[in-house]
Amino acid sequence: MLNLETAPGAAVEITAWDIVLWGVLPYVMVVVLVGGSIWRYKYDQFGWTTRSSQLYESRLLRIASPLFHFGLLAVIAGHFFGLVIPMAWTQAVGMSQEFYHFNALLVGGIAGVGTLGGILLLIYRRRTTGPVFMATTKNDKSMYVVLTAAILFGLWTTLASVFEGEHGHNYRETVAPWFRSLFIFQPDIAAMASAPFSFHLHTLVGMALFVIWPFTRLVHAFTAPLHYLFRPYIVYRSRDRDRGPGQPKRKETAGASAARTTGTPARRGWSAVGTRDRDTRNR
């Protein structure tokens, strides 16, 4: 057992478990996450999908899916702001700890409740809709349990900060320095060991979620179709219909023009435009 100081006059006892959990396990998690994702992409590309069940039920899905996904994006942004940006930086730009704490609780609470509501609606839909439930695998059930637990424990830490008020734990002095220290391969185990049990539990469940990530449907997040936002418009053409007297004349297609020239009747259905073999055949 080691005694390490995290602040002047404050000593933290570091056990072997602390070294394993906060000094070794994070890197094991990263290896499994990266290696598992590479393996999944190489050997299971056809399984790299959400296995969408929208065809079975869409009414609840239209509510639950945006609620969960947009709430999750806000949660991720909040974690990034709280863990990656040092407290000294926000204080340097004039943001007091009280103002940061209030906004973190307000925005984080709303995002957490929205994410939890979305995942609970998705679970309810999956359990009560017969075809969706039949398409649910044991892998999916395990994923939902871990994902819901991570959200619940995250909300727990947020609500605990509300009820504790000024005496609440400041994770930006413990969890955040430990998180940043992992990127320089010098994990600040003492800082994480001094955090309350609720933060330990939330962190462990979060790491468990990333460990199973490559082997569940969550892997689709790595290939989100962001290119849809930048793709060109899709142009649709309607069928040619006979126009009565007084109705505006529709622009003539290439197939109809060729049929009118040669005297052959135009075939019903879609007409190709600018297709060389079709134009040649109609001549």
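Fair warning: this is a prediction, and the values are worked out from it, not measured in the lab. Computation of the quantities below employed the complete heavy-atom set of this structure, encompassing side-chain atoms and omitting hydrogens, waters and symmetry-equivalent molecules.
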Exam field: side chain Q45 to backbone G47, donor-acceptor pair closer than 3.5 Å: no
Evaluation steps, side chain to side chain contact (heavy atoms under 4.5 Å, CB included), between W22 and T203: CA-CA 10 Å; W22 318 125; T203 303; 3.9 Å; yes
Stepwise side chain to side chain contact (heavy atoms under 4.5 Å, CB included) check, T50 with L218: CA-CA 7 Å; T50 61; L218 293 174; over 6 Å; no
Sidechain-backbone polar pair: H169 side chain, P196 backbone, donor-acceptor under 3.5 Å: no
Check: E57 side chain, L60 main-chain N or O, donor-acceptor pair, under 3.5 Å: yes
Quiz item: cation-pi between R127 and F133, 6.0 Å / 45°: yes
Under the side chain to side chain contact (heavy atoms under 4.5 Å, CB included) test, residues paired with W48 that sit two or more places apart: R40, Y41, V219, F222, T223
N170 side chain reached by H101 side chain, heavy atoms, under 4.5 Å: no
Any F68 side-chain heavy atom under 4.5 Å of I151 side chain: yes
Test side chain to side chain donor-acceptor pair (under 3.5 Å) applied to S37 - qualifying residues, sequence neighbours left out: none
Whether over 12 other heavy atoms sit under 6.0 Å from Y27 OH: yes
S58 side, atom OG; I63 side, atom CD1 - distance, nearest 0.5 Å: 10.5 Å
pair W213-V32: side-chain heavy atoms closer than 4.5 Å: no
Backbone N/O of A191 and side chain of S194: donor-acceptor pair under 3.5 Å: yes
Between R126 and T136, a side-chain donor and acceptor under 3.5 Å: yes
Donor-acceptor contact present, side-chain T148 to main-chain V145, <3.5 Å: no
T137: which of R51, M143, R217 passes side-chain contact (heavy atoms from CB on, under 4.5 Å): R51
Heavy-atom neighbours of Y144 OH exceed 12 at 6.0 Å: yes
Close side-chain approach of F179 to P26, heavy-atom, < 4.5 Å: no
Main-chain N/O of P131 paired to T129 side chain as donor or acceptor, under 3.5 Å: no
Heavy-atom side-chain contact between R180 and P86 under 4.5 Å: yes
Non-hydrogen side-chain atoms of I212 and V146 separated by less than 4.5 Å: yes
Single-linkage hydrophobic cluster F70~L155, side-chain heavy atoms < 4.5 angstrom: no
Rounded distance (nearest 0.5 Å) linking atom OG1 of T115 with atom CG of L67: 7.5 Å
A176 to G82 - nearest heavy-atom pair and separation: CB-O, 3.7 Å
Nearest atoms (heavy-atom pairs only) where G36 meets P214: C-CB, 3.4 Å
Q91, CD: over 12 other non-hydrogen atoms inside 6.0 angstrom: yes
same_hphob_cluster(V28, I38) at 4.5 Å side-chain heavy-atom cutoff: yes
Donor-acceptor pair, side chain of H202 and main chain of S198, under 3.5 angstrom: no
For I189 against I19, the heavy-atom pair lying closest together: CD1-CA, 4.0 Å
Nearest heavy-atom neighbours spanning S181 and P187: OG-CA, 3.3 Å
Aromatic ring proximity, centroids under 6.0 angstrom, F153 and F199: no
Spatial distance of atom CZ (F46) from atom CG (D44) [nearest 0.5 Å]: 9.5 Å
Side chain to side chain contact (heavy atoms under 4.5 Å, CB included) between R172 and T90, worked out: CA-CA 11 Å; R172 302 182 77 194; T90 56; 3.2 Å; yes
Mutual orientation of the aromatic rings belonging to Y100 and Y171 [parallel < 30°, tilted 30-60°, perpendicular > 60°]: tilted
Smallest separation among heavy atoms of A195 and T174, with atom names: CB-OG1, 3.9 Å
Stacked cation flag R125 on Y56, 6.0 angstrom / 45 deg: no
Heavy-atom side-chain contact between V175 and M192 under 4.5 Å: yes
Closest heavy-atom pair and its distance - I14, A190: CD1-CA, 3.5 Å
ILVMFWY cluster, L55 and V132 together (side-chain gap under 4.5 Å): no
Spacing of CG belonging to L61 relative to CG belonging to L122, to within rounding of 0.5 Å: 7.0 Å
Nearest-0.5 Å distance that lies between atom CD1 in I110 and atom CG in L105: 11.0 Å
T49-H220 side chain donor-acceptor pair, cut-off 3.5 Å: no
Hydrophobic cluster identity match, V30 and V84, side-chain contacts under 4.5 Å: yes
Atom pair CG/CE of L33 and M29 - distance to nearest 0.5 Å: 7.0 Å
Single-linkage hydrophobic cluster, 4.5 Å side-chain cutoff, I123 and V113 together: yes
N139 side-chain N/O to F215 backbone N/O, donor-acceptor pair under 3.5 Å: yes
